[in-house]
Each structure stands twice: as structure tokens, then as C-alpha cells.
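What's counted below: heavy atoms across the whole structure, side chains too, no hydrogens, waters or symmetry copies. Reminder, nothing fancy here: chain letters follow the sequence lines and each chain counts from 1.
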Amino acid sequence: MILKNMMITDNFYKIYSEVAKIPKGKVAAYGDIAKRLGTSARVVGNALHKNPDQMLIPCHRVLNRKGEVAGNFAFGGGKEQRRLLEDEGVIFQKNKVDLSSFGW
DNA sequence: CTCTTGACCATGT
DNA sequence: AACATGGCCAAGA
């Protein structure tokens, strides 16, 4: 249980939980999480967009299918997100991550 | 309840 | 490789 008194739906809760389970040094794609939860990628993205709370949700570990960071809407922008990931051991090449290597 | 919108994805041009 | 289109599901107005 990561989220306490936050008013969210069950579907969103599942998404946040799944994101929070991503191991350090790994990343996951919206679509992958979505499939795992039986929903669509848009829903996952939307869920994170509405709750950009980095302290509870490691949204910096969530990338799109290309392995590119989508966080221009998030906290410090792509730069900060990239820095955090590199700090965890994720390697970027040209603003992109090799999902076949770092994909969860 | 209907309509719009979106941190996406796959496919086609 | 970049752009356009359609599909997807859930939330909010």
C-alpha cells in the first residue's frame, strides 16, 4: 500500500502499484504496464499525468515504446528525469533507452 | 448518459 | 525517418 489517503479509482491504484514495482535500474513502457493490467497505454499515461508525485510514484522509470522519456509534462523536464535514470544505471543513447536491455 | 481529450501504440504513406 | 490515421480505455465536463 503506497497511496494512503489519496482519492483514486481502483484502476488508477493498480497502475500506480505496478509502476512502483519497477525495480531500480529498469524501465517499463506504458503499453507493457497497460497490457499487464489489462488496460490501454493511454490510461497508464493519463494516470501518471494526473498524479505527478515523484515521491510516491517513480514515474521517471516509465517510458514510451520508443524508449524515450515522455516527461516534458512532468517535474524537472526530460533532463531531470534522464539524470535520475542514469543515476540508477540506465543508459541513454541519443535521449533514448534500449528497452530490450533495460525493459522490465 | 454523451462527447471530448490524452505522459500511447501500431500501421500506412 | 518523419508525419498521419485509427484504435484503444478511462476520466471529467
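- Annotation: side chain of A:V19 is in contact with side chain of A:L48 (closest heavy-atom distance under 4.5 Å).
- Distance A:H49 NE2 to B:dT5 C1': 11 Å, rounded to the nearest Å.
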Protein heavy-atom contacts under 4.0 Å, written 5' to 3' over nucleotides 4-10 of chain C as B (base), S (sugar-phosphate only) or - (none), form the string ---BBBS
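- Annotation for A:F102 and A:V90: closest pair CE2-CA, 4.0 Å, computed over non-hydrogen atoms.
- When all heavy atoms of A:N95 and A:R82 are compared, the pair lying nearest together is OD1-NH1, 2.9 Å.
- When all heavy atoms are compared, the tightest approach of A:V69 to A:Q81 is CG1-OE1, 2.7 Å.
- Rounded to whole Å, the distance from CD on A:E18 to P on B:dA7 is 22 Å.
- Closest of all the heavy-atom pairs between A:E18 and A:I33 is CG-CG2, 3.8 Å.
- Annotation for A:L99 and A:R65: closest pair CD1-O, 3.1 Å, computed over non-hydrogen atoms.
- Rounded to an integer number of Å, the gap from CD1 of A:I33 to C1' of B:dC8 is 12 Å.
- Taking atom CZ of A:R36 as the reference point, atom P of B:dC9 lies 13 Å away to the nearest angstrom.
- Note: NZ (A:K66) to P (C:dC3) measures 10 Å, nearest angstrom.
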Short heteroatom pairs, N/O only, protein and nucleotides 10-13 of chain B, under 3.5 Å:
none

N/O donor-acceptor pairs under 3.5 Å from side chains in residues 40-47 of chain A, not counting sequence neighbours:
none

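- In this structure, the side chains of A:W104 and A:V27 stay at 4.5 Å or more apart for every pair of heavy atoms.
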